[in-house]
Amino acid sequence: MMEIANVSSPEVFVLLGFSAPPSLEAVLFIVVLGFYMVSILGNGIIILVSRMDVHLHTPMYFFLANLSFLDISFTTSIVPQFLANLWGPQKTISYGGCVVQFCISHWPGATECVLLATMSYDRYAAICRPLHYIVIMHPQLCLGLALASWLGGLTTSMVGSTLTTLLPLCGNNRIDHFFCEMPLIMQLACVDISLNEMEMYLASFVFVVFPLGLILVSYGRIARALLKIRSAEGRRKALSTCSSHVAMVSLFYGSIIFMYLQPAKSTSHEQGKFIALFYTLVTPALNPFIYTLRNTEVKSTLRHTVLENCCGSAGKRAQI
């Protein structure tokens, strides 16, 4: 009986979070809540606008709507529990809740890597093959690429989550982070985790390194095509079509690379938490602004929708 108890999974996990004094937790709660609301509102608007305006029924906005839904899913899988822990004295999460959290958060994270690579191919087709763009990026291909991204992310999430839940934790339940992350759960195991590490490295190559390679290849060809454009206006228009995507890729991959290339020190681990908070909160909140502030189509659609609703409401009140 003692041996069974020693290898059993804990009923709850303690999320240690940040090493900040309790007095600062209220400030952190307000900041996190603010960014979370901005992220939900901004990405929700992108999804609605891309569906409401027929002029935005293009491959780029189809993928952008998918990306916005991914950002909403990712932040919602982590932030509500984090806010609950900041608000109350208990910094815990149930075993089942922890499993659900690292499974769901891993799914959109892996999917986003593939989707960003898909969007880079879309930009390559738009700039390097403009005359054949409609033929290349037909609706069936776009739907298939998006579906493959979602299914690929789901597959790696289910495989990694299943292998992680099979690990005996020997009663260890303290996670030095603000959310349940698969590598941290693996570190609590009291058995050999070579198989889990092999799966994690393979998944990282397939869903992080390989998509990044495809993005670099796409933009290498785009750069070569831009050098052939002689007019400054033509080059500016071509750059404007991919600058938003480049900014999103830089934010997403920049934070991941910076976090995983840090030395294994306690101070670096604390920095890693803040970087994780950055790509969990700040990046999803910035993505809608990156596209709306640099895109005249989205801004004009938003203005038209707001004016239409305002004028429509005023007209109805006047009739009453």
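In this text, all values refer to a predicted model and were calculated from it rather than measured experimentally.
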Pairs touching residues 66-93 that satisfy salt bridge (charged side-chain N to carboxylate O under 4.0 Å, His left out), sequence neighbours left out | E25-K91

Nearest non-hydrogen partners of N66 and A146, listed with the distance = OD1-CB, 4.1 Å

Do V14 and I175 come within less than 4.5 Å of each other through their side chains, counting heavy atoms only?
-> no

For F69, enumerate each residue passing the ring-ring contact (aromatic ring centres under 6.0 Å, His included) test, keeping only those at least two apart in sequence or located in another chain.
-> W150

So the disulfide (SG to SG under 2.5 Å) pairs with at least one residue in residues 84-130 (sequence neighbours excluded) are C98-C180

Please list, chain by chain and in numerical order, all residues satisfying side-chain contact (heavy atoms from CB on, under 4.5 Å) with V282, sequence neighbours excluded.
-> F35, F278, L286

Mind checking what makes side-chain contact (heavy atoms from CB on, under 4.5 Å) contact with I40, not counting sequence neighbours?
-> Y36, I72, T75, T76

Who pairs with F29 by ring-ring contact (aromatic ring centres under 6.0 Å, His included), at least two apart in sequence or on another chain?
-> W87

Which residues share a side-chain contact (heavy atoms from CB on, under 4.5 Å) with M186, sequence neighbours left out | T164, L167, I193, N196, E197, M200

Salt bridge (charged side-chain N to carboxylate O under 4.0 Å, His left out): pairs with one or both residues in residues 138-158, sequence neighbours excluded = none

Output yes when a side-chain donor or acceptor of H138 lies under 3.5 Å from a complementary backbone atom of L141, and no otherwise.
-> yes

ring-ring contact (aromatic ring centres under 6.0 Å, His included) with Y133: which residues, sequence neighbours excluded?
-> none

Does I229 have any side-chain contact (heavy atoms from CB on, under 4.5 Å) partners at least two apart in sequence or in another chain, and if so, which?
-> L226, S231, R235, A238

Supply the atom-to-atom distance C142 SG to D122 CG, rounded to the nearest 0.5 angstrom.
-> 6.5 Å

Kindly give the heavy-atom pair with the smallest separation between F82 and V32, and that separation in Å.
-> CE2-CG2, 3.7 Å

What is the ring orientation for H177 with F179, classed by angle as parallel under 30°, tilted 30 to 60°, or perpendicular over 60°?
-> perpendicular

Please write out which residues are connected to V159 in a hydrophobic cluster, directly or through intermediates, given that two of Ile, Leu, Val, Met, Phe, Trp, Tyr count as joined at side-chain heavy-atom separations below 4.5 angstrom.
-> L163, L195

Other ILVMFWY residues reachable from L202 by side-chain steps of under 4.5 Å = V114, F205, V206, F207, V209

